[in-house]
Student: 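One structure follows; several queries about it will come next.
The figures that follow rest on heavy atoms only: side chains count, while hydrogens, waters and symmetry mates do not. Bear in mind that the values here come from a model prediction, so they are computed numbers and not experimental data. Here is the naming used below: chain letters follow the sequence lines, and residue numbers restart at 1 for every chain.
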2 protein chains.
Amino acid sequence: MTDGPNENRDAPKEDISSPNVKLEEIARAAGVSPSTVSRILNGSARVLPEKQRAVEEAIARFNYRPNVLARSLASGRTATIGVLTQAVSSPFYAEWLRGIEESLYEPGFTPIFVSSRWNLDDEKARLEELIARRVEGVILLHAQLDEPSLAEYARHAPMLVLGRSLHNGPALAGLPIDNLKGARDATRHLIEEGHREIAFIAGPSSHEDAIERLDGYRIALEEAGIGFDAGLVEQGDYLETGGLAAMERLMARRPTFSAVFCANDQTAYGARLAMFRRGVRVPEDISLVGFDDLPTSSYMTPPLTTVRQPTFEIGRLAAQGIVQMIRKQSISLSPVPLTLVTRETTRRIAPPASSGAQPG
Amino acid sequence: MTDGPNENRDAPKEDISSPNVKLEEIARAAGVSPSTVSRILNGSARVLPEKQRAVEEAIARFNYRPNVLARSLASGRTATIGVLTQAVSSPFYAEWLRGIEESLYEPGFTPIFVSSRWNLDDEKARLEELIARRVEGVILLHAQLDEPSLAEYARHAPMLVLGRSLHNGPALAGLPIDNLKGARDATRHLIEEGHREIAFIAGPSSHEDAIERLDGYRIALEEAGIGFDAGLVEQGDYLETGGLAAMERLMARRPTFSAVFCANDQTAYGARLAMFRRGVRVPEDISLVGFDDLPTSSYMTPPLTTVRQPTFEIGRLAAQGIVQMIRKQSISLSPVPLTLVTRETTRRIAPPASSGAQPG
DNA sequence: TTGTAAGCGTTATCAG
DNA sequence: CTGATAACGCTTACAA
């Protein structure tokens, strides 16, 4: 069945597929209307098998690939989800991203990653760009914006904030992470191992989770009847350099302590180096505990005892959560529990003589 | 100057900005035509100051944000650049991404990150998605596709491949990284320090750079008159686990060696742990050298001697390169040189008695 | 089941 | 300098 008079002679080498073929050309080549091609593309209606075949053949021959922009504009759906991270290159966020990405592909969404570099203005700017891109939902990894502002942005697309507790609603929700309990468990472990003087290198006080971790440390101490001693706390910045400097200050000040609990693993890396430089052995002289369980922490020398965040799992939860929100399904987000991973940077020590510690 | 009869009474609380305002509404509110609004938005023509002001005021009041999709469809420009990475969560790629992202914002492009998980089919799929999104250019971090396939994809948008040497043209170019020289330098350093039996833990043989690193190691050995000994080479996989296993095999086989050169830092982390488990001291018993200089390598215990890749800089080069290609400007990409960073996992040893080594 | 035609929200070409 | 008006490439009623 031939179409027109010279239809076949006209395009001798059409399989060379010009860079950007359009739906209309496929329709023409297959001898059907544009709508039919569209239907086949979207499976939105049944089409006669022969036309189906003709269209598919044309698509393959021309190497046709629908223009996502046009498609989204026409349909009103972009099938994209914005993922705002504070720093793409942070080893910590990397795992979250992986969990998010993997779980997003299945329901058919494409993540668009942007990063705000721990900067509030950047955070706003990136968020607006995502909205301008008409993402259908947004996952924020540690937003700095306050709740009212988030709610305002959430009017455009549902948002899920990781590591934050919010008044959850259909458009804005937070997936809190139980940092306090994690820090308390880690500190308790140290106490159970006989440590009484435990130093702490804190994270930036502007971070909610850093504060929670400090609180967990303090509470464990108080619960054990040891009491919080501000003299054992040094300020870090969640980075290796900060941990190194803080540990140096701590050692220079010479308070007595047998263990150091760091607000995150990167801080612990820095502290570890400071001790190595001074010839302080871990864990023989000082026990060390981190927080996060970064992939490399189990390869430290010795392997680091730390609080594990199920990062990949958190990513999955976030991805599933935002998809449900987009689908207007209600979701319930319970705080993610963290678990202590006991490795080799902590050791039991004999408690110094008697003290007021209670049994059990 | 009033517009219509009840224009003002009609919208009492329009500043509540409905989720998605469109250009047309701004035009109406400002009393101008859509084209004028568009002109102001793009600065594509001069407009009377008063209209300019009226429009800007309306934009602010309605909190209007142009629809990127519509804009791109109409203009044919998306101002996006696809960045295909093998693994978003790899600590190695993270730094490249940062360099790329930072240098892309300035020329006004937005990166779209996707990852192919070291899988060829995924690589193709992600690339097609990027093309369907009409990105204006693509940066690939270690493509697995062969050159003809890359060239085919490059017909849609210019592509720049990091870590690969290609026949550079206007649409497809590679930014090679001098892995061979880096590996040779590292091996030479070990030789200069007196080591003669140097083991090597290789990367996956499917990776071009892994092969180059092995070659560099071999060449340095041969140049020094030591000769390559396959018995000193173990297979790794660029991951910590592979390094750990390889080192264990190596130690179990008991060939004599005083140093181990690992194809990348992650491998070295694994090897380090294997040695720690066996009580083998670094560098007193065995010297260790890595490759890449990941951010945490300088915080290892002891800090790792390794070959530094100027990752952030490479990211910059890539970003600038792809932008130039998009602008049809010619670019010249010279191989990126790597430098050895001598830290504390290597030590000088007394060469065992005499040997055929030449002076100098 | 299939085709026609009217958008989707902007930009861009032309007159004026 | 500004306003109609026609694209941009696809989806989607509405008819047939």
Student: Would you mind telling me which residue lines up with the more 5' stretch of DNA chain D, B:Ser35 or B:Ser75, judged by nearest nucleotide?
Tutor: B:Ser35
Student: Give me each pair satisfying salt bridge (charged side-chain N to carboxylate O under 4.0 Å, His left out) with a member in residues 127-139 of chain A, each pair once, sequence neighbours excluded.
Tutor: A:Arg126-A:Glu129, A:Glu128-B:Arg65
Student: When we call it a touch if two heavy atoms are under 4.0 Å apart, what does A:Ser38 touch: a base, just sugar-phosphate, or nothing?
Tutor: base
Student: Please enumerate all residues that pass side-chain contact (heavy atoms from CB on, under 4.5 Å) together with A:Pro170, with sequence neighbours excluded.
Tutor: none
Student: Hey, which of these two, A:Arg77 or B:Lys51, hits DNA chain D nearer its 5' end, going by closest nucleotide?
Tutor: B:Lys51
Student: What nucleic acid atoms does A:Pro66 come within less than 4.0 Å of, heavy atoms only: base, sugar-phosphate, or nothing?
Tutor: sugar-phosphate
Student: State whether B:Glu95 and B:Arg98 are salt-bridged, where the test is any N-O pair (Lys NZ or Arg NE/NH1/NH2 against Asp/Glu carboxylate O) under 4.0 Å.
Tutor: yes
Student: For A:Tyr64, which residues count as a side chain to side chain donor-acceptor pair (under 3.5 Å) partner, sequence neighbours excluded?
Tutor: none
Student: Look at B:Glu102 together with A:Arg117 and state whether they make a salt bridge at an N to O cut-off of under 4.0 Å.
Tutor: yes
Student: Would you call the rings of B:Trp96 and B:His142 parallel, tilted or perpendicular if under 30° counts as parallel and over 60° as perpendicular?
Tutor: tilted
Student: Between A:Arg39 and B:Glu24, which has a closest nucleotide on DNA chain C that is more 5'?
Tutor: A:Arg39
Student: Could you list where the contact with chain B starts and ends along DNA chain D, reading 5' to 3', using a 4.0 Å heavy-atom cut-off?
Tutor: D:dC1 to D:dG9
Student: For A:Glu313, give me all partners under salt bridge (charged side-chain N to carboxylate O under 4.0 Å, His left out), at least two apart in sequence or on another chain.
Tutor: none
Student: Does anyone know the first and last nucleotide of DNA chain C in reach of chain A, 5' to 3', at under 4.0 angstrom to a heavy atom?
Tutor: C:dT1 to C:dG9
Student: Between A:Arg53 and A:Glu50 (salt bridge meaning N to carboxylate O under 4.0 Å), is one present in this structure?
Tutor: no
